[in-house]
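One structure is given below, encoded as C-alpha cells.
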Protein chains: 2
Amino acid sequence: MRYHKIPDETVKRLPRYLRAAVLLRRGGKKKLSSSELAEFIGSNSTQIRKDFSYFGSFGTRGVGYDTQKLIKQISKILKLDGQREAILIGVGNLGSAILAYEGFSIYGLLIKAVFDNNLRKIGKKLNGLVIEDIAKLKSIRPKKIKMAILTVPSNQAQHVTDKLVDNNIRGILNFTSCRIEVPRKVKVVSIDIALDMARLPYYMQ
Amino acid sequence: MRYHKIPDETVKRLPRYLRAAVLLRRGGKKKLSSSELAEFIGSNSTQIRKDFSYFGSFGTRGVGYDTQKLIKQISKILKLDGQREAILIGVGNLGSAILAYEGFSIYGLLIKAVFDNNLRKIGKKLNGLVIEDIAKLKSIRPKKIKMAILTVPSNQAQHVTDKLVDNNIRGILNFTSCRIEVPRKVKVVSIDIALDMARLPYYMQ
DNA sequence: GTATGTGAATCTCTTCACAGCA
DNA sequence: TGCTGTGAAGAGATTCACATAC
C-alpha cells in the first residue's frame with residue numbers, strides 16, 4: 001500500500017466496523033468477510049475493504065478476516081488499545097444520563113471521574129462515582145486522563161473548556177450547542193441534538 | 001438559478017445557519033452578511049452563499065441579508081414553519097434528559113407526548129407530560145404528529161420502530177446504537193454517542 | 001472458486017474567480 | 001465600492017473493474 005491521506009469519512013466509519021466485529025465475535029463468528037460485515041451494518045463491501053486498505057491489508061484473500069485480529073487492528077488504529085479513560089463535566093440531566101449510558105464499554109471507554117460546580121451536587125455519589133468540585137480539576141493530572149465529556153450549560157462551555165485544556169485534556173466530546181475554541185493540539189467532536197432533530201422535517205416531505 | 005441536486009452536507013448546515021441567525025437577531029442584528037454569519041459559526045462565507053444559492057437568492061448585493069427574512073427562508077426550507085411536534089419513546093435516563101432539554105425550542109420543535117412500556121412509569125408526570133402506555137401509541141394519530149425521538153433500549157429498537165411507522169410517524173431521531181429498518185417513506189437520523197466518542201483517541205495522537 | 005486489495009473512473013462537495021447588482 | 005450569486009476548477013470520497021493470492 002502506498003501513502004494516502006486517510007479520508008475523515010473512513011475514520012468516522014471505523015468505530016462502526018469495530019462494534020460490528022465485536023458483536024459478531026460474541027455471536028461466535030471467528031471468520032468475517034467484508035460482505036458479511038457490510039450486510040450487518042448496512043454498508044457495502046467495497047467501501048469497507050477500501051477503508052481498511054488505508055491502514056494496510058489485514059485479511060486473507062479467498063477467506064476473509066479473522067474476527068479477533070480485525071478487532072485488534074481497528075482498536076489499534078483508533079488508539080482504543082491505550083489510554084481510554086475520560087472525565088465528565090456537568091452533572092445535569094444529560095450528564096447523568098451519559099454517566100449511566102452503557103454504550104461506551106464495547107470500545108473499552110470508561111468514565112473515571114465526574115465534576116460539577118453546584119455545591120448541592122458535589123460530594124454526592126452517582127453511578128459509583130463521587131461528584132467532585134470542578135475547581136479541583138487538577139486532580140486528574142496524575143491519572144493522565146486525556147478525554148472529557150462536556151455536558152455543562154452553554155454559557156459555561158468556553159470557560160470550562162479552557163480549564164480542561166489547562167489540565168491536559170486533549171479530546172472533548174462536546175454536547176453543548178456552542179462552538180468551543182481550543183488550541184490546535186486539542187480535538188473536539190460535537191454532538192448537537194437539536195441540530196440533528198431540526199433537519200428531520202426537511203427529509204419528511 | 002438552474003436546477004441542482006441539493007448536497008446533503010448543505011442540508012446539514014442549514015440548521016446551524018438558522019440558529020445563528022436567530023441568536024444574532026435576538027442580539028439586535030437586523031442585517032447580516034455572509035461573512036458575519038461565517039465568523040459567528042466558524043465557517044466561510046463562500047460556503048454559506050453557495051448553500052443558500054441552491055434554494056434561490058435571498059440576499060441583497062452590496063448589503064447582505066435581512067436577518068428576519070433569512071430566518072423565515074431557512075425555516076421554510078427546513079419545513080420548520082409547519083408541523084413541528086414530536087413524541088418521545090422510552091423514558092430512561094437519556095429519554096428523561098432529552099425531555100428536559102431546552103435546545104429544541106429555538107427551532108420551534110416541541111415534544112408533545114411521552115411513552116414507555118414500564119408499568120411503574122406509566123401515569124407519572126415528567127416535565128408537564130403524563131407518561132403514556134406505548135400500547136396506546138395510536139392516540140397520536142388524530143394529533144397528526146409525524147416525528148419521534150427513540151430512546152428505548154437497543155433490543156426494543158426495531159419492535160418499537162415498527163409500531164411508530166404503523167402510527168404514521170415519518171421521521172425518527174434514533175438514539176439507539178442499532179440500525180433500524182424502515183420503509184423508504186420514513187427518514188431516520190441517528191445519534192450514536194459512543195460512536196462519536198470512540199474516534200476521539202484517534203485524533204488525539 | 002472465492003474474497004481481498006487497489007489503481008482508475010466517477011461522483012460529490014468545496015473553493016476559486018469573477019460577473020451582476022444595489 | 002461592497003457583498004451576493006454562480007459557473008468552472010479543484011479537492012475529496014465512492015464505486016468500478018480487475019489483478020492478486022489463498
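Proteins come first, then strands; the chains are lettered A, B, ... in the order of their sequence lines, and each starts at number 1.
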(message) Quick test of your reading of the model: are A:D192 and A:R179 salt-bridged, counting only N-O distances below 4.0 Å?
(response) no

Protein and nucleotides 15-19 of chain C: nitrogen or oxygen contacts under 3.5 angstrom:
unit_1: C:dT15; atom_1: OP2; unit_2: B:N44; atom_2: ND2; d: 3.0

(request) Using the closest heavy atom to pick a nucleotide of DNA chain D for each, name whichever of A:G62 or A:I6 lands nearer the 5' end. (result) A:I6

(request) May I ask you to verify if any side-chain N or O of B:Y65 is less than 4.0 angstrom from the OP1 or OP2 atom of D:dG5? (result) yes

(message) Using a strict threshold of under 4.0 Å (side-chain N to carboxylate O), is an ion pair present between B:D66 and B:R25?
(response) no

(request) Give a yes or no on whether a salt bridge exists between A:K76 and A:D81, defined as a side-chain N under 4.0 angstrom from a carboxylate O. (result) no

(request) With sequence neighbours excluded, tell me which residues meet ring pair (Phe, Tyr, Trp, His ring centres under 6.0 Å) with B:Y203. (result) none

(request) Check whether any side-chain nitrogen or oxygen of A:Y54 sits under 4.0 Å from OP1 or OP2 of D:dG12, and answer yes or no. (result) no

(request) Could you list the residues that satisfy salt bridge (Lys or Arg N to Asp or Glu O under 4.0 Å) with A:D8, not counting sequence neighbours? (result) A:K12

(request) Grab the CD1-C1' distance between B:I48 and C:dC13 for me, whole Å please. (result) 16 Å

(request) Send over the distance from A:E9 CD to D:dA11 P, rounded to a whole Å. (result) 19 Å

(message) I need the NZ-C1' distance between A:K5 and D:dG12, as an integer number of Å.
(response) 9 Å

(message) Rounded to the nearest 0.5 Å, what separates atom OH in A:Y107 from atom CZ in B:R199?
(response) 11.0 Å

(request) Could you state the atom-to-atom distance from CZ of A:F58 to P of C:dT6 in whole Å? (result) 11 Å

(message) Could you tell me how far apart A:L70 (CG) and C:dT4 (P) are, to the nearest whole angstrom?
(response) 11 Å

(request) Mind checking A:S34 for me? I need base, sugar-phosphate or nothing, with any heavy atom below 4.0 Å counting as a touch. (result) sugar-phosphate

(message) If I take atom CG in residue B:L37 and atom P in nucleotide D:dC3, what distance separates them, rounded to the nearest angstrom?
(response) 14 Å

(request) Would you kindly give the NE2-to-C1' distance between A:H4 and D:dA13, to the nearest whole Å? (result) 13 Å

(request) Would you mind telling me which residue lines up with the more 5' stretch of DNA chain D, A:D8 or B:L32, judged by nearest nucleotide? (result) B:L32

(request) Mind checking the NZ-CG spacing from B:K163 to B:L137? Nearest 0.5 Å is all I need. (result) 7.5 Å

(request) Round to the nearest Å and state the distance from B:K31 atom NZ to D:dT4 atom P. (result) 11 Å

